There are 2 protein chains.
Amino acid sequence: MDKPAARPKRTRIQREKRELIGEAALEVFSQHGFRGSTIDQIADAAGMSKPNLLYYFKNKEEIFATLIHRLMETWLAPLREMDAAGDPHTEIRSYIRRKIEMSRDFPRESRLFANEILQGAPRIFPLLEGELKELVDEKAAVIAEWMREGRLKKSDPYHFIFAIWATTQHYADFDVQVRAVLGEKRGGEGRFEDAARFLEGLFLA
Amino acid sequence: MDKPAARPKRTRIQREKRELIGEAALEVFSQHGFRGSTIDQIADAAGMSKPNLLYYFKNKEEIFATLIHRLMETWLAPLREMDAAGDPHTEIRSYIRRKIEMSRDFPRESRLFANEILQGAPRIFPLLEGELKELVDEKAAVIAEWMREGRLKKSDPYHFIFAIWATTQHYADFDVQVRAVLGEKRGGEGRFEDAARFLEGLFLA
DNA sequence: GCAATTTTTGACCGTTTGGACAAACGTTAA
DNA sequence: TTAACGTTTGTCCAAACGGTCAAAAATTGC
């Protein structure tokens with residue numbers, strides 16, 4: 001209904017190079033934002049010349065759009081996995097764990113996403129209103145049901161989800177600040193484990 | 001010890017114009033980030049020409065630096081006000097309230113700050129390690145003491161503070177997303193009040 | 001082995017941007 | 001009135017940037 005999205009047939013090299021460029025672009029974009037990044041920087045990071053890169057992507061905008069759309073899927077996956085038939089505490093705990101793991105393992109993706117939202121989500125607003133809202137509506141209903149059944153402490157399911165997002169992504173997006181405040185001793189690798197434990201206690205009181 | 005900071009004597013016009021430029025720069029920088037903003041945009045927003053603006057500020061960097069340093073004070077004020085002698089629940093509740101009010105009333109400041117941290121805090125890292133860390137160390141000790149006395153549910157005081165920061169600032173920084181998900185009905189002005197109530201319940205369980 | 005196709009490169013272009021500068025304008029106070 | 005000082009503007013520049021293009025080089029399919 002939306003778009004046939006006539007999948008362009010790609011050669012092996014095209015697939016590989018687009019992948020390589022995506023990786024390089026993620027590195028650069030997540031550090032400097034869209035406007036702060038240059039095609040030259042990305043080309044450098046990908047080990048190729050600018051015109052060569054532009055042979056694989058029409059322009060800077062298209063690189064960014066491709067990245068962020070791919071990202072959205074990864075990003076929503078953990079929430080999708082939340083199972084209405086499962087045990088509420090187990091489900092919530094797993095969700096928090098997975099989100100913290102994503103902050104630990106994919107901080108660049110998290111920052112790229114944060115950057116886009118901060119700027120007003122110019123490129124993905126339709127997805128927020130559409131796909132994201134639908135998913136959250138669905139899961140909020142699940143949580144609300146759990147609360148009604150007395151299997152989870154009553155509160156606002158939407159703000160409950162927001163709070164999980166905010167706290168878990170904080171450890172990727174505000175990493176510098178977290179490490180600066182925790183200092184040498186507690187700012188090491190263990191901080192994600194500490195965070196996960198704290199958040200489980202907070203949300204599953 | 002640090003810098004005599006020989007306060008430059010300014011004329012009335014200089015004070016007024018620098019203020020005007022600061023306001024305009026906040027508007028522009030918070031929307032597009034540092035690299036995404038141009039001096040021309042800021043000059044336009046301030047209703048003056050580019051060379052005129054550069055008569056009041058040496059360069060783009062200095063405008064940004066001035067803004068973000070001024071901002072830090074405002075930002076830390078609510079935490080500073082947390083009183084060790086007060087009632088723990090009242091103090092925490094007030095802190096959350098104040099932070100939510102800041103997200104509602106000064107979203108541009110919040111986004112500017114978030115942007116800076118996201119990029120790795122290139123301009124304010126020393127402040128994070130210094131002033132901010134000291135303040136948090138102090139208040140974390142206060143909270144830890146409250147917990148030891150059994151006047152507040154036990155948890156990690158540092159992550160407790162992080163969680164308050166993350167959740168409250170979320171409503172400024174991720175505003176577009178929050179509104180997109182909540183939709184027409186719940187995404188109106190009332191969302192801050194809803195958030196405040198939810199967060200009080202979450203942190204003061 | 002060779003022609004067709006895909007990939008890579010260097011040179012180039014128009015625009016945007018941060019910033020410099022000198023000249024003009026306005027204000028103040030002796 | 002006038003000299004000194006503060007403010008504003010138009011013009012200009014060099015660098016950075018996004019993107020094009022034609023031609024060279026490499027790869028692929030027969």
Side-chain angles (χ1 to χ4, degrees), chain A residues 6-69 112 115-116 119 122-123, chain B residues 6-69 112 115-116 119 122-123:
Chain A
R7 183 93 77 90
K9 39 188 172 237
R10 302 227 166 88
T11 67
R12 174 185 52 87
I13 292 186
Q14 273 165 359
R15 266 178 282 114
E16 287 173 4
K17 291 287 164 94
R18 281 179 66 101
E19 187 53 39
L20 184 69
I21 293 168
E23 163 64 25
L26 176 59
E27 184 69 27
V28 176
F29 279 139
S30 69
Q31 259 179 59
H32 309 288
F34 181 75
R35 283 286 312 260
S37 306
T38 71
I39 302 186
D40 268 313
Q41 280 173 26
I42 300 173
D44 270 4
M48 63 178 71
S49 67
K50 179 167 65 171
N52 195 186
L53 184 150
L54 287 169
Y55 169 72
Y56 294 104
F57 286 88
K58 208 167 83 259
N59 51 34
K60 190 176 162 184
E61 186 68 42
E62 197 196 291
I63 310 174
F64 194 89
T66 304
L67 262 188
I68 203 143
H69 277 97
L112 190 75
N115 225 306
E116 170 71 7
Q119 318 281 316
R123 292 158 253 265
Chain B
R7 182 94 77 92
K9 40 190 172 240
R10 302 228 166 86
T11 67
R12 175 184 51 85
I13 293 187
Q14 273 165 359
R15 266 179 282 114
E16 289 173 3
K17 290 289 165 91
R18 281 178 65 99
E19 187 53 41
L20 183 69
I21 292 167
E23 162 64 25
L26 176 59
E27 183 69 27
V28 175
F29 278 139
S30 69
Q31 260 178 58
H32 310 289
F34 181 74
R35 282 287 312 264
S37 307
T38 72
I39 302 186
D40 268 313
Q41 281 173 24
I42 301 173
D44 270 5
M48 64 178 69
S49 67
K50 180 168 65 170
N52 196 185
L53 184 150
L54 286 169
Y55 170 72
Y56 293 104
F57 286 89
K58 209 169 82 259
N59 51 32
K60 189 177 162 183
E61 186 68 41
E62 198 195 291
I63 310 173
F64 194 90
T66 304
L67 262 188
I68 202 142
H69 278 97
L112 190 75
N115 226 305
E116 170 70 5
Q119 319 279 315
R123 293 160 251 264

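Chain A is the first sequence line, chain B the second, and so forth, proteins listed ahead of strands; every chain is numbered from 1. In this text, all values refer to a predicted model and were calculated from it rather than measured experimentally.
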Visitor: What is the distance from atom CD1 of I63(A) to atom NZ of K58(A), rounded to the nearest 0.5 Å?
Guide: 11.0 Å

Visitor: With a strict under 4.0 Å distance from non-hydrogen atoms of chain B, what nucleotide opens and what nucleotide closes the contacted stretch of DNA chain C, reading 5' to 3'?
Guide: dT17(C) to dC21(C)

Visitor: Round to a whole Å and report the spacing from CG of N52(B) to P of dT9(D).
Guide: 5 Å

Visitor: Using side-chain hydrogen bond (donor to acceptor under 3.5 Å, both in side chains) as the criterion, list what pairs up with E61(A), not counting sequence neighbours.
Guide: R123(A)

Visitor: Verify, without hydrogens or angle tests, whether K17(B) (side chain) and L53(B) (backbone) share a donor-acceptor contact under 3.5 angstrom.
Guide: no

Visitor: What does F57(A) touch in the nucleic acid at a heavy-atom separation under 4.0 angstrom: a base, only the sugar-phosphate, or nothing?
Guide: nothing

Visitor: Give me the residues of residues 22-30 of chain A where at least one heavy atom lies under 4.0 Å from an atom of DNA chain C, by number, or none.
Guide: none

Visitor: Test of understanding: with side-chain hydrogen bond (donor to acceptor under 3.5 Å, both in side chains), list the residues that count as partners of Q41(A), not counting sequence neighbours.
Guide: none

Visitor: Run the numbers on E27(A) and I42(A) for side chain to side chain contact (heavy atoms under 4.5 Å, CB included), then give the verdict.
Guide: CA-CA 8 Å; E27(A) 184 69 27; I42(A) 300 173; over 6 Å; no

Visitor: I'd like to know whether K50(A) forms a side chain to side chain contact (heavy atoms under 4.5 Å, CB included) with T38(A), so could you lay out the CA-CA distance, the side-chain angles of the two residues, the decisive distance to 0.1 Å, and finally the verdict.
Guide: CA-CA 10 Å; K50(A) 179 167 65 171; T38(A) 71; over 6 Å; no

Visitor: Short question: side chain of H32(B), backbone of V28(B) - any donor-acceptor pair under 3.5 Å?
Guide: no

Visitor: Enumerate the protein-to-nucleotides 25-29 of chain D contacts in which both atoms are nitrogen or oxygen and the separation is below 3.5 Å.
Guide:
unit_1	atom_1	unit_2	atom_2	d
dT28(D)	OP1	R12(A)	NH2	3.0

Visitor: Polar atoms only, N or O, under 3.5 Å: list the protein pairs with nucleotides 12-21 of chain D and their distances.
Guide:
unit_1	atom_1	unit_2	atom_2	d
dG18(D)	OP1	S37(A)	O	3.4
dG18(D)	OP1	K60(A)	NZ	2.8
dG18(D)	OP2	I39(A)	N	3.0
dG18(D)	N7	K50(A)	NZ	2.9
dG19(D)	OP2	K60(A)	N	3.0
dG19(D)	N7	K50(A)	NZ	3.4
dG19(D)	O6	K50(A)	NZ	3.3

Visitor: Compare every heavy atom of A46(A) with every heavy atom of L20(A), then report the nearest pair and how far apart it is.
Guide: CD2-O, 3.4 Å

Visitor: Angle between ring planes, F64(A) versus F34(A), binned at 30° and 60°: parallel, tilted or perpendicular?
Guide: perpendicular

